[in-house]
Amino acid sequence: MASCLVLGGAGFIGSHVAEALAQEGHGVKVFDRPHVDRLPLFPRHKGFEIFTGDFLNPQALSPALRGTEIVFHLVSTTLPKTSNDNPVYDVETNVLGSLRLLALCRDHGVRKVVFISSGGTVYGVPASLPVAEDHATQPISSYGIHKLAVEKYLHLAHRLHGLDYCILRPGNLYGPR
């Protein structure tokens with residue numbers, strides 16, 4: 001079983017991913033902001049390790065990456081609705097933060113990054129429904145653009161450094177929590 005780190009692991013999607021990984025027998029580390037209310041809900045007796053800090057701070061992120069084989073990247077500092085209000089902040093925190101993450105992954109020998117992108121914002125206004133994976137990407141928000149940029153940088157990290165990756169573009173998810 002692999003040692004997995006779920007960045008944004010206290011969030012809606014991340015908490016479900018972390019739980020599923022633990023149920024499958026993987027070692028699970030969760031990294032999120034220290035003030036997230038859901039962190040105490042994780043069953044520490046099931047092998048969860050909890051790390052808190054700022055995603056943009058390499059000194060906070062490095063301890064969570066030690067010994068990690070697979071990183072699930074679910075962190076986003078902006079929302080589609082408000083990302084156009086400050087695109088510079090969106091790029092500084094999401095794109096540059098993700099680039100720093102990729103460098104740290106190389107430094108710590110991470111084998112694979114699973115990036116949770118966006119199933120809607122990367123495509124923009126659909127030309128046809130349902131939207132196929134090969135639909136043209138024409139985002140209409142900074143959020144969609146940053147998600148695509150991170151996807152492209154993952155591909156570049158693979159080509160330059162052999163870092164394996166997987167990109168998921170889920171639609172509007174819902175459910176408990």
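We use all heavy atoms of the structure for the numbers below, so side chains are in, but hydrogens, waters and symmetry mates are not. Just so you know, residue 1 is the first one in the sequence shown, and it goes up from there.
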[Y] backbone acceptor or donor facing [X] side chain under 3.5 Å:
{"X": "H135", "Y": "P130", "value": "no"}
{"X": "S141", "Y": "G144", "value": "yes"}
{"X": "T82", "Y": "T78", "value": "no"}

Between [X] and [Y], is there shared hydrophobic-cluster membership here, with clusters defined by ILVMFWY side-chain heavy atoms closer than 4.5 Å?
{"X": "V88", "Y": "I140", "value": "no"}
{"X": "F115", "Y": "Y143", "value": "no"}
{"X": "L154", "Y": "L96", "value": "yes"}
{"X": "L168", "Y": "I13", "value": "yes"}
{"X": "L156", "Y": "L102", "value": "yes"}

First locate atom [atom1] of [X], then atom [atom2] of [Y], and finally report the distance between them rounded to the nearest 0.5 Å.
{"X": "C105", "Y": "K112", "atom1": "SG", "atom2": "NZ", "result": "13.0 Å"}
{"X": "Q138", "Y": "I145", "atom1": "CD", "atom2": "CD1", "result": "9.5 Å"}
{"X": "L99", "Y": "N94", "atom1": "CG", "atom2": "CG", "result": "11.0 Å"}
{"X": "S76", "Y": "D90", "atom1": "OG", "atom2": "CG", "result": "6.5 Å"}
{"X": "C166", "Y": "I116", "atom1": "SG", "atom2": "CD1", "result": "7.5 Å"}
{"X": "D107", "Y": "R100", "atom1": "CG", "atom2": "CZ", "result": "13.5 Å"}

How are the rings of H155 and H158 set to each other: parallel, tilted or perpendicular (split at 30° and 60°)? tilted
The test is side chain to side chain contact (heavy atoms under 4.5 Å, CB included); show your working for L101 and F55 and say whether it passes. CA-CA 8 Å; L101 169 65; F55 169 71; 4.2 Å; yes
[X] versus [Y], closest heavy-atom pair with distance:
{"X": "V28", "Y": "A22", "result": "CG2-N, 3.5 Å"}
{"X": "S142", "Y": "N84", "result": "N-OD1, 2.7 Å"}
{"X": "F12", "Y": "Y174", "result": "CZ-C, 3.4 Å"}
{"X": "A2", "Y": "H26", "result": "N-ND1, 3.1 Å"}
{"X": "A18", "Y": "V30", "result": "CB-CG2, 3.9 Å"}
{"X": "A149", "Y": "V95", "result": "CB-CG2, 4.1 Å"}

Taking the six-membered ring for Trp, are H73 and Y165 closer than 6.0 Å centroid to centroid? no
Through direct or indirect side-chain contacts below 4.5 angstrom among Ile, Leu, Val, Met, Phe, Trp and Tyr, which residues connect to L129?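 Traced through the cluster, L129 reaches V122, Y123, V131, L148.
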Taking side chain as C-beta onward, heavy atoms only, is Y153 less than 4.5 Å from S98? no
Note, V91 side chain near H146 side chain (heavy atom, < 4.5 Å):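 When only atoms from C-beta onward are counted, H146 and V91 do not touch, as no gap falls below 4.5 Å.
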Just checking, any donor-acceptor pair under 3.5 angstrom between side chains of K147 and T121? no
As a test of understanding, state which of V114, L61, V110 forms a side chain to side chain contact (heavy atoms under 4.5 Å, CB included) with V71. V110
Starting from the C-alpha separation in whole Å, work towards a yes-or-no answer on side chain to side chain contact (heavy atoms under 4.5 Å, CB included) for V75 and F31. CA-CA 9 Å; V75 170; F31 182 93; 5.5 Å; no
Step by step, would you call V150 with S117 a side chain to side chain contact (heavy atoms under 4.5 Å, CB included)? CA-CA 8 Å; V150 173; S117 185; over 6 Å; no
